[in-house]
Amino acid sequence: MDTLLLSRIQFGANISFHILFPTITIALGWMLLFFKLRFSATGDRKWMDAYMFWVKVFALSFAMGVVSGITMSFQFGTNWPGFMETVGNVAGPLLAYEIMTAFFLEAVFLGIMLFGASRVKSWVHTLATFLVAFGTTMSTFWIIVLNSWMHTPQGYELIDGVVHATNWFEIVFNPSMPYRFVHMMLASGLTVAFLFAGISALRMLWGDRGEDVKSAFRVGVIAGAGLIPLQILAGDFHGLNTLEYQPAKVAAMEGNWETGPNVPLVLFAIPDEEARENRFEIAIPNGASLILTHKADGVVPGLNDFVADDGEILHPRVAPVFFSFRIMVGVGMAMLLLSWSGLALLRRYGAGDIPKLPLYTFCAMSFSGWIATLAGWYTTEIGRQPWLVQGVLATKDAVSDVPAAMVLSTLIGYLIVYAVLILAYIGVITYLALKATRSEPYSTRNYPRRGEARVAALQPGE
Amino acid sequence: MNYFGDPSIWLPWTFAALMGLSILIYVVLDGFDLGVGLLMPLADEDEKDRLVASIGPFWDANETWLVLAVGLLLVAFPPAHGTILTALYLPVFVMLVGLILRGVSFEMRAKAPIAQKPVWNAAFFVGSLMASLSQGFMLGMYIMGLTWTLPHVAFELLTAIFLTVGYSFIGSAWLIWKTEGQLQIRALGWAKGGIWGLVMGIGAISLATPFVSTRIFDKWFSWPEFAYLSPLPIISGALVIFLWWQLARLPLLNDRWSWTPFAAATALFTFAYGGLAYSFYPYVVPEKITIYEAASAPESLFIILIGTLFVLPAILGYTILSYYIFRGKATALRYD
């Protein structure tokens, strides 16, 4: 394998590992704020119990996100020097704003949010929790702006092969940014919703009937059931946007070779790039035309339009895009089915008496958000190939000339570390759930908590 | 030359200064928490928790200064970013794996089953060691002009060891400030054992740097520059003597002066760093690319600068707030 392919795999491995953790922390930060505010409003201790359990997951995920994110910031330079040399004038300020307005905010206030409860007033702690959640969202915003600009660049001019910014409003609000941002925020919300439901279901199966567990389960199911229709809608809009700006990607997603009307919706096939046709195709007639143009005879672009006269292929590899897209949609449909069944079960049985089979299903779906998110990112990122920045910079022109052996050896190193850490992460979350099941809830333990002891000392008369 | 007239002059200069400042802040702040990680094997089981507690609320933010520094290199000097980081490919890999191990074991050691704790403690140490050694190695490579030759690698291995011992020193100085009782006394012992790394590291770099190029030699050893620069080594020497004296007489009644070793170590790092910056200016890639040649387009730098003017004071403000909230001796890390 050559340096280009190895570098792509390495970057893909690093960014895939990284995105797992922000996907959790983006929405979990807001959920923790929700728990904290519910506790402040109702005084019901179950919310504090839920907060105390999930804040541990947050701290762990945040640390994994920070350290894997540092890797990302170095990879631009070690593997893709051509990227910053060509588009640095646009990418640079966006990354700088991400670091300055988001990274420091979340990292500094995380310390106060985690360990400061007994040292600051309650409202300061709530504010710190808010700022951490806000910081993760700002971080999402800036990085999505940059990523979207790489798909739908505008507001720039090329001078001597280097991109110069001409209109920052156009750069920030580039055509695919709103769709991508909403799609990612909802993906994070769904990931956390199913994590809540799955881990709570696990604790219920272990016999934990605590109010905090039931509440977290309820929040997870309701959030999942509420967000998934929105996500399907957002995904549809995003697809239409992609059709307009990156038709080759849509052609690969649909597995459609010839441009034309009445294009079927391919449910399953094995795309064969040599023969330029699908094998074992199962399809719904007119389906793709209906979804993409809302007309049965609407014209859908085909992959054969993206082959140059000299035979050079200008569309992405079909199979990875085609299959990742189907995995994403498949997981989304499973989420829809399960969360709406979950709603019905909640109405019929209440959170405490849900039958075992659905509980097992929720357990199995605990990390389904990760799979859908990764599959979605693979669809859009592999779908942009052979471009790194659509129409501006080809991926092969940005790669460094580091020897392939060096890229391969570091890649193996990263993969080993990542495999061990993902197993450890899932293992520890399971262990935390087990420990929480076996020990008394946080709020009824009778040793004095630091925060309360301090409040009592300050107000001896009450 | 009109410095504030031509943005292609003062913008690169400003960004080089900002980048230099973030690297310095990173080296001091993550220096002490990497140093605390390096001291883990020397501490007994209870002390290990206290060591980690002393850096708990800060380490995430400390590492963010590294992201800012590399980010500024990336955004302000893109060609230099590519050149430097491809040359440092392997040590950067070692550092990143080290930082990952460290950050993860920080959380895992407290959350994984108790039987796994020694494994995560070991990973915390190994991660800190990998990060420190590779940073020292990169420092040496940068001074030697980013080339792999045998004598250079020998020098780089030396700087790797010196910086690691130097970090363990500033880590002990932090512990002298943030702990009390038996642990503080042990930290004093560790500091006495580590101060040679700092002294020899600064010494080796100071001796080697002028001989890397005649340009740097002339910057230091021509008249009258020599006279203007002489306070730098003199004050550094005085700080070392002060440290030696303080380490011998601490701890004092009511914990007086316990902050001084950390302050003196910070000052030493700052002076050594200032000397390096003086040597290499105006180059960002030693002897090859200057900051003016490597700089991004002025309009892009300008849009970052506007934001920086508002955001950087805020960052410094809430960072200080965080250190203020967690002032005093380190207490056990708890979420409630």
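- For A:I112, the parts lying near chain B are the backbone and the side chain together; criterion is any non-hydrogen pair under 4.5 Å.
- Residue contact with chain A, scored on non-hydrogen atoms closer than 4.5 Å, involves the backbone and the side chain of B:F326 alike.
- Interface remark: B:I315 contributes side-chain atoms only to the contact with chain A (heavy atom separation under 4.5 Å).
- Looking only at side-chain heavy atoms (C-beta outward), B:I304 and A:M100 come within less than 4.5 Å of each other.
- Only the side chain of B:V70 comes within contact range of chain A, with heavy atoms under 4.5 Å apart.
- With a 4.5 Å cut-off on side-chain heavy atoms, B:L68 and A:F104 count as touching.
- Looking at B:L66, the atoms closer than 4.5 Å to chain A (heavy atoms on both sides) all sit in the side chain, from C-beta outward.
- Interface remark: A:A128 contributes no atoms to any contact with chain B (heavy atom separation under 4.5 Å).
- Taking every heavy atom of both residues into account, B:L85 and A:T78 meet most closely at O-CG2, 3.4 Å.
- Using a 4.5 Å cut-off between heavy atoms, A:W168 touches chain B through its side chain atoms alone.
- When A:L60, A:T410, A:V66 are compared by the number of non-hydrogen pairs under 4.5 Å with chain B, A:T410 comes out ahead.
- Of the two parts of B:W59, only the side chain, counted from C-beta on, holds a non-hydrogen atom closer than 4.5 Å to a non-hydrogen atom of chain A.
- Between chain A and the residues B:T83, B:V75, B:L321, the largest count of heavy-atom pairs under 4.5 Å involves B:V75.
- Interatomic distance, A:F109 CZ to B:I325 CD1, rounded to the nearest 0.5 Å: 7.5 Å.
- Of the two parts of A:V162, neither the backbone nor the side chain holds a non-hydrogen atom closer than 4.5 Å to a non-hydrogen atom of chain B.
- Interface summary for chain A: among B:I303, B:I84, B:L90, B:V311, the most heavy-atom pairs under 4.5 angstrom belong to B:I303.
- When heavy atoms are compared at a cutoff of 4.5 Å, A:L110 approaches chain B solely by way of its side chain, counted from C-beta outward.
- Proximity to chain B (any heavy atom under 4.5 Å) is shown, for A:F83, by neither the backbone nor the side chain.
- Of the residues considered (A:L105, A:L432, A:T101, A:L421), A:L105 shows the highest number of contacts with chain B, using heavy-atom pairs under 4.5 Å.
- Residue A:L434: no heavy atom, backbone or side chain, is found under 4.5 Å from chain B.
- Looking at B:E63 and A:V67, their side chains come closer than 4.5 Å, going by heavy atoms from C-beta outward.
- For a residue to count as touching a neighbouring chain, one of its non-hydrogen atoms must lie under 4.5 Å from one of that chain's; by this rule A:Y418 touches chain B with the side chain only.
- Contacts between A:Y97 and chain B at a heavy-atom distance below 4.5 Å involve the side chain alone, from C-beta outward.
- Considering CG of B:D60 and CD of A:E106, their distance stands at 9.0 Å, rounded to 0.5 Å.
- Contact of A:Y51 with chain B is not made at all, since no heavy-atom distance falls under 4.5 Å.
- Ranked by heavy-atom pairs under 4.5 Å with chain A, the list B:A87, B:A76, B:G82 is led by B:G82.
- Taking each heavy atom of B:S300 and A:P93 in turn, the nearest pair found is O-CG, 3.8 Å.
- Of all residues spanning residues 92-117 of chain B, those with a heavy atom less than 4.5 Å away from chain A's heavy atoms are B:V92, B:F93, B:M95, B:L96, B:V97, B:L99, B:I100, B:G103, B:V104, B:E107, B:M108, B:K111, B:A112, B:P113, B:I114, arranged by number.
- Judged by distance alone, with hydrogens and angles left aside, the side-chain atoms of B:Y318 form no donor-acceptor pair with the main-chain N or O of A:V108 at under 3.5 Å.
- Ranking A:L114, A:T71, A:I99 against chain B, the residue ahead of the rest is A:L114, based on heavy-atom pairs under 4.5 Å.
- Between B:T331 and A:R119, some side-chain heavy-atom pair lies under the 4.5 Å cut-off.
- Ranked by non-hydrogen atom pairs under 4.5 Å with chain B, the options A:L95, A:V55, A:V417, A:N79 are led by A:N79.
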